[in-house]
Novice: 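Handing you this structure, nothing more for now.
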There are 4 protein chains.
Amino acid sequence: MPNSRRPDETRRSERSRQAILTATRELISEVGYGKVSIEAIAARAGVGKQTIYRWWPSRGAVIFDSFLELSLDAGGEGMALPDTGDLEADLKLVMRATAAEFADPEFERPVRALNAEIVNDPGLAAQYREKLARPVDEAKKARLRSAQRAGQLAADADLDLVLEVLYAPLFQRWLHRSGPLTAEYADALVDAALRAFRP
Amino acid sequence: MPNSRRPDETRRSERSRQAILTATRELISEVGYGKVSIEAIAARAGVGKQTIYRWWPSRGAVIFDSFLELSLDAGGEGMALPDTGDLEADLKLVMRATAAEFADPEFERPVRALNAEIVNDPGLAAQYREKLARPVDEAKKARLRSAQRAGQLAADADLDLVLEVLYAPLFQRWLHRSGPLTAEYADALVDAALRAFRP
Amino acid sequence: MPNSRRPDETRRSERSRQAILTATRELISEVGYGKVSIEAIAARAGVGKQTIYRWWPSRGAVIFDSFLELSLDAGGEGMALPDTGDLEADLKLVMRATAAEFADPEFERPVRALNAEIVNDPGLAAQYREKLARPVDEAKKARLRSAQRAGQLAADADLDLVLEVLYAPLFQRWLHRSGPLTAEYADALVDAALRAFRP
Amino acid sequence: MPNSRRPDETRRSERSRQAILTATRELISEVGYGKVSIEAIAARAGVGKQTIYRWWPSRGAVIFDSFLELSLDAGGEGMALPDTGDLEADLKLVMRATAAEFADPEFERPVRALNAEIVNDPGLAAQYREKLARPVDEAKKARLRSAQRAGQLAADADLDLVLEVLYAPLFQRWLHRSGPLTAEYADALVDAALRAFRP
DNA sequence: CCTTAAACGAGACGGTACGTCCTGTCTTCGT
DNA sequence: ACGAAGACAGGACGTACCGTCTCGTTTAAGG
């Protein structure tokens, strides 16, 4: 008997849902992650607390969905990386952009909020991988496959591993604030990865 | 007027300090990071709340110190990696051990607790880098320098970068639970890093 | 604009009405007056909340009607007190029965519930007097009038006052739990009242 | 093991206690009994909710104590009824005053609030009898004993019963709003009681 | 007989209050 | 004098109900 007594999705108020997700995003930006309470979200959204508890199991889930909403608006389906035929140039472009994004304070607060929730919530982490990380990773892997066909990358390279070698150092530096996220650093990561996985 | 009314370190009760740090470690292991409150620590340690607030500025700081205590007991100063002369073999040994450690549930909970605190607290992150990460990283870099002298690693390689390429993918996989931390995976990371930074 | 949008009595579902009143009585007996909520009544009766709000203005009104229902079943119209010709004996019989009834726990909970509602709701109090108290009082007064004709009671006695002197002490003792409701006590009240109002 | 973990009376803040009881009295007068919530009391008193829950087990208990406070201020110890030697005159004076008091709207709301709480809470009812009713009743009984010595009241009369016959009808009329509380009514009750219990 | 409008069950909604837990500060008391 | 014990104001938690408001679904009257 799965889902006994789950609320009826069809009766859900889209207006409330949007108000909640918007209020959540605003609050994270304004007061910072630590002070985003369910009570504050409900008050700002003009919504009863129960309406939040009815549809989300935890504060983390609300925060997550407030992100998902944005990324669906932004990325959508047709996400693709540049493909000029020059893998190194294309990757450096993308990695420099990623480094710049991480350095943007506007971007920083919500992403740290999301990561803080993910660290201790396996379910949320799974959702993160499926709904947010995978689509982006697939776009990146598509570019890498193109490079394999062009002979710029080892044909037998494990693309997940390639992505990790490229991005994980950047992510870790950002998360632990263990060093500056410069363009030079982005380039150095691309160089290292290409040396490791050239044909 | 600097430090007006700062507690007098010399009068600090070592007994209370130990009881607090031990209680913190126990609580993280038993009830999980989210439920570790100052009140619970004080109760478990048989200590007044004020004694905690007097010596630590935040919950994160207590958690951090409870770690530091452990690592000082364990690592101490004379931390060193194996050096058989075979860099690849030595690194694979260490990386496999690291992967195994990350997979150990006993180890997992406290480390996740620590990371959750670090993500949103720059001061704590700095302490983490200085007191916990650096000693370990220095030991690793000592081994890499030995490899450079032996001609097994590019002499001009940025050792911080080498460490990141080696460890960040593992760390990210663990943090986001995005894949299994097997011995094969550890080996693959070592192989990739050595390809990227061979002489 | 009288009665705009008043529900149509003729279409009222008798089945729902009965289910609601029965559920109310059951809940008062089972969980006690304080925990009888509209929501609980609706759930127990298998009825929508709106069906309750459509026909009753307040929780007190539902509780009141659940009583009224019972008393109509029981008393009906032809309620009469024994009349053997001996007023003292007849009154002691009735008063002892009343005292016993008040002492019955089965009887107690619902009557306390009703009184709690009445204390702070004048409208409900009026209904109580009209629908529940008056019929009973009229029957009692009929017996007293018979006694006046038989010369056992002062012809000019205010019968409402006589009833109050008889019953109010019993009621107050029960309400405030200020003493035992024994047969002796019932007799003493009858003796006092008869002394006060003998011809 | 009685009283395990009961709060320490000696550390209690008298300031908070007074603020709570005062706020409670004000709220009952202003918004009426039904809308006096713990939350409203705490807000008005400038007190945390926990400080209320720490010292009182229920809303009723707070309301009760807010009364007790008043009556201690007012009545104190030296409460006594007039004793001119003329029992009938003295009683009529007191009964008329009581009837007038009951008719005063200022007096009415809080007393109804108290009675509503008492009806369904035996513990509170016991406190009411001990702390509020008994001192008053003792003063009344002292006057009646004086009358017995003066030969104005049967020497063997049960004084509790006399008090009930005198006061319960008044109380019941007021509680159920079943009739006007006039001076004539007060006199009639005194007359009836004196007839019932004259020597 | 078939329409049609109501009453119905269900339950989501914006809210209020609940009673609990914890925060960070302040006070008391015993050692 | 120090430190355990814990009361305090405050604030958020997650739950229970409030009374209102749709939703489809009976259901019974009247055209």
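Here is the naming used below: chain letters follow the sequence lines, and residue numbers restart at 1 for every chain. Excluded from the calculations below are hydrogen atoms, water molecules and symmetry mates; all remaining heavy atoms, backbone and side chain alike, are included.
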Novice: For C:Glu39 and E:dG9, give me the distance from atom CD to atom C1', rounded to whole Å.
Specialist: 14 Å
Novice: What contact category does A:Thr10 fall into here, base, sugar-phosphate, or nothing, at under 4.0 angstrom with non-hydrogen atoms?
Specialist: nothing
Novice: Whole angstroms only, please: what is the CD1-P distance between C:Ile52 and E:dG11?
Specialist: 15 Å
Novice: Taking the six-membered ring of A:Trp56, is NZ or CZ of A:Arg12 closer than 6.0 Å to its centre and within 45° of its axis?
Specialist: yes
Novice: Starting at the 5' end of DNA chain E, which residue's closest nucleotide do you reach first, B:Ala40 or D:Arg59?
Specialist: D:Arg59
Novice: With a 4.5 Å limit on heavy-atom distance, are the side chains of C:Arg25 and C:Pro110 in contact?
Specialist: no
Novice: Are D:Glu117 and D:Phe64 close enough that some pair of their side-chain heavy atoms sits under 4.5 Å apart?
Specialist: no
Novice: Which whole-number value in Å describes the distance from A:Glu9 CD to E:dG11 P?
Specialist: 14 Å
Novice: Nearest nucleotide by nearest heavy atom, which residue falls closer to the 5' end of DNA chain F, A:Ser37 or D:Arg12?
Specialist: D:Arg12
Novice: For the pair made of CH2 in D:Trp56 and C1' in E:dG19, what is the distance, rounded to whole Å?
Specialist: 16 Å
Novice: Look at all strands and tell whether D:Arg54 reaches a base, only sugar-phosphate, or nothing, counting heavy atoms closer than 4.0 Å.
Specialist: base
Novice: Look at the side chain of D:Arg11 and the base of E:dT28, then say whether one donor and one acceptor between them are separated by less than 3.5 Å.
Specialist: yes
Novice: When the nearest nucleotide of DNA chain E is assigned to B:Ser58 and to A:Ser13 on a heavy-atom basis, which residue is associated with the more 5' position?
Specialist: A:Ser13
Novice: Going through the checks in order, is the side-chain contact (heavy atoms from CB on, under 4.5 Å) test met by A:Gln18 and A:Glu69?
Specialist: CA-CA 9 Å; A:Gln18 285 296 346; A:Glu69 192 75 2; 2.7 Å; yes
Novice: By nearest atom, which of the nucleotides E:dA7, F:dA7, E:dA17 is closest to the D:Trp55 side chain?
Specialist: F:dA7
Novice: Nearest whole Å is fine: how far is F:dA7 P from D:Ile20 CD1?
Specialist: 14 Å
Novice: Could you work out which one of E:dG24, E:dC13, E:dC18 sits closest to the side chain of D:Tyr53?
Specialist: E:dC18
Novice: Return the minimal non-hydrogen interatomic distance between D:Ala116 and C:Asn120, and the atom names on each side.
Specialist: CB-ND2, 3.3 Å
Novice: Does a side-chain N or O of D:Ser16 approach OP1 or OP2 of F:dA9 to a distance below 4.0 Å, or not?
Specialist: yes
Novice: Under 4.0 Å from any atom of DNA chain E, heavy atoms only: list the residues of residues 115-127 of chain A that qualify, in numerical order.
Specialist: none
Novice: Please state how far atom CD1 in A:Ile41 lies from atom P in F:dG14, giving the value in whole angstrom units.
Specialist: 11 Å
Novice: Which of the following nucleotides, E:dC22, F:dG14, F:dC21, is nearest to the side chain of D:Gln50?
Specialist: E:dC22
Novice: May I ask you to check if A:Arg59 and A:Tyr33 form a cation-pi contact, with NZ or CZ under 6.0 angstrom from the six-membered ring centre and within 45° of the axis?
Specialist: yes
Novice: Examine the base of F:dG6 for any acceptor or donor lying under 3.5 Å from a partner atom in the side chain of B:Lys49, and report the outcome as yes or no.
Specialist: no
Novice: Is it the case that over 12 heavy atoms from other parts of the model lie below 6.0 angstrom from the CZ atom of B:Arg15?
Specialist: no
Novice: Between B:Val47 and A:Lys35, just flag the one whose closest nucleotide in DNA chain F comes earlier from the 5' side.
Specialist: B:Val47
Novice: Taking atom C1' of E:dT16 as reference, at what distance in whole Å does atom CG of D:Leu27 sit?
Specialist: 15 Å
Novice: Starting at CD1 of A:Ile38 and ending at P of F:dT15, how long is that distance when rounded to a whole Å?
Specialist: 11 Å
Novice: Determine the minimum heavy-atom distance between D:Asn115 and C:Val119, stating which atoms define it.
Specialist: CB-CG1, 4.5 Å
Novice: If you only use heavy atoms from C-beta on, which nucleotide in E:dG9, F:dC8, F:dA4 is closest to the side chain of C:Thr51?
Specialist: E:dG9
